[in-house]
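What follows is a short report on a single structure.
Start at 1 with the first residue, then count along the sequence. These figures come from a predicted structure and were not determined experimentally. Every heavy atom of this structure was used, including side-chain atoms; hydrogens, water molecules and symmetry mates were not.
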Amino acid sequence: MQAALEITLQHCHKEAEQYGRCVGANPSSWQQDCHQLKLEMAKCTSSHPIVQKIRRDCAEPFTAFEECLKTNQSSSFKCSEQLQKFLVCAEQVKLNT
């Protein structure tokens with residue numbers, strides 16, 4: 001599992017679980033229905049240094065992934081290429097580099 005997800009699950013398990021359940025239960029409207037849970041998860045993780053570094057270093061592939069999700073709300077599987085690019089970037093981020 002890549003670093004950001006590990007940190008999210010370690011430090012923000014409850015928020016990540018609630019957000020994941022909401023997204024899974026609302027495949028065509030998750031962006032609206034799960035927005036508050038997304039904000040709560042982001043708030044929880046925002047204080048962790050590695051997550052902050054991933055957000056900085058991988059902003060471009062993450063933005064591309066988010067844009068793809070907005071465009072394909074009812075078929076998020078179409079964004080697997082963008083997700084993979086983000087995950088590859090996040091895997092390469094090191095806290096002390």
Side-chain angles (χ1 to χ4, degrees):
M1 184 183 281
Q2 61 101 6
L5 289 178
E6 288 177 7
I7 292 163
T8 299
L9 291 175
Q10 181 180 6
H11 297 284
C12 305
H13 178 73
K14 181 184 84 172
E15 292 85 351
E17 189 175 298
Q18 289 174 339
Y19 180 61
R21 270 197 243 129
C22 183
V23 170
N26 301 286
S28 62
S29 61
W30 65 270
Q31 290 241 313
Q32 295 83 17
D33 295 343
C34 307
H35 182 71
Q36 186 60 39
L37 293 171
K38 178 182 177 182
L39 293 177
E40 289 173 21
M41 187 174 68
K43 182 179 177 184
C44 180
T45 60
S46 65
S47 63
H48 200 286
I50 190 70
V51 175
Q52 292 172 346
K53 187 156 177 44
I54 288 170
R55 284 184 180 163
R56 272 192 315 273
D57 294 359
C58 302
E60 188 176 317
F62 184 72
T63 300
F65 175 59
E66 278 195 323
E67 288 301 316
C68 181
L69 289 176
K70 287 178 187 174
T71 304
N72 299 287
Q73 288 187 22
S74 62
S75 53
S76 58
F77 65 91
K78 291 182 179 179
C79 302
S80 60
E81 182 179 332
Q82 290 86 349
L83 175 60
Q84 186 60 34
K85 287 179 182 179
F86 170 69
L87 293 177
V88 166
C89 179
E91 275 294 321
Q92 295 172 354
V93 172
K94 304 286 186 240
L95 188 54
N96 296 323
T97 58

Determine the minimum heavy-atom distance between [X] and [Y], stating which atoms define it.
X     : Y     : result
Val23 : Cys34 : N-SG, 3.4 Å
Ala90 : Ile54 : CB-CG2, 3.9 Å
Cys58 : Val93 : SG-CG2, 3.8 Å
Leu37 : Cys22 : CD1-CB, 3.6 Å

Inset, instruction - Using a cut-off of 6.0 Å, state whether more than 12 heavy atoms not belonging to Gln52 lie near its atom CD. - result: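 Atom CD in Gln52 is crowded, with more than 12 foreign heavy atoms closer than 6.0 Å.
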Inset, instruction - Identify, with sequence neighbours excluded, every residue that meets side chain to side chain contact (heavy atoms under 4.5 Å, CB included) alongside Gln31. - result: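 With sequence neighbours excluded, Gln31 shows a side chain to side chain contact (heavy atoms under 4.5 Å, CB included) to Leu69, Lys70, Gln73, given in chain and number order.
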Inset, instruction - Would you please name every residue forming a side chain to side chain contact (heavy atoms under 4.5 Å, CB included) with Ser29, sequence neighbours left out? - result: Asn26, Gln32, Asp33
Inset, instruction - List for me each residue that meets ring pair (Phe, Tyr, Trp, His ring centres under 6.0 Å) alongside Phe62, sequence neighbours excluded, and say none if there are none. - result: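 Result, ring pair (Phe, Tyr, Trp, His ring centres under 6.0 Å) vs Phe62: Phe86.
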Inset, instruction - Walk me through it: do Glu15 and Arg21 pass the test salt bridge (Lys or Arg N to Asp or Glu O under 4.0 Å)? - result: CA-CA 10 Å; Glu15 292 85 351; Arg21 270 197 243 129; over 6 Å; no
Inset, instruction - May I have all residue pairs that pass ring-ring contact (aromatic ring centres under 6.0 Å, His included) and include part of residues 63-85, sequence neighbours excluded? - result: none
Legend entry - All pairs passing ring-ring contact (aromatic ring centres under 6.0 Å, His included) where residues 14-38 contributes a residue, at least two apart: none
Legend entry - Distance (rounded to the nearest 0.5 Å) between Leu39 CG and Lys43 NZ: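 Answer rounded to 0.5 Å: 10.0 Å.
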Legend entry - Non-hydrogen side-chain atoms of Val88 and Gln92 separated by less than 4.5 Å: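 Yes; the side chains approach each other to less than 4.5 Å.
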Inset, instruction - Hey, could you give me each pair passing salt bridge (charged side-chain N to carboxylate O under 4.0 Å, His left out) that has a residue in residues 71-85? Not counting sequence neighbours. - result: Glu81-Lys85
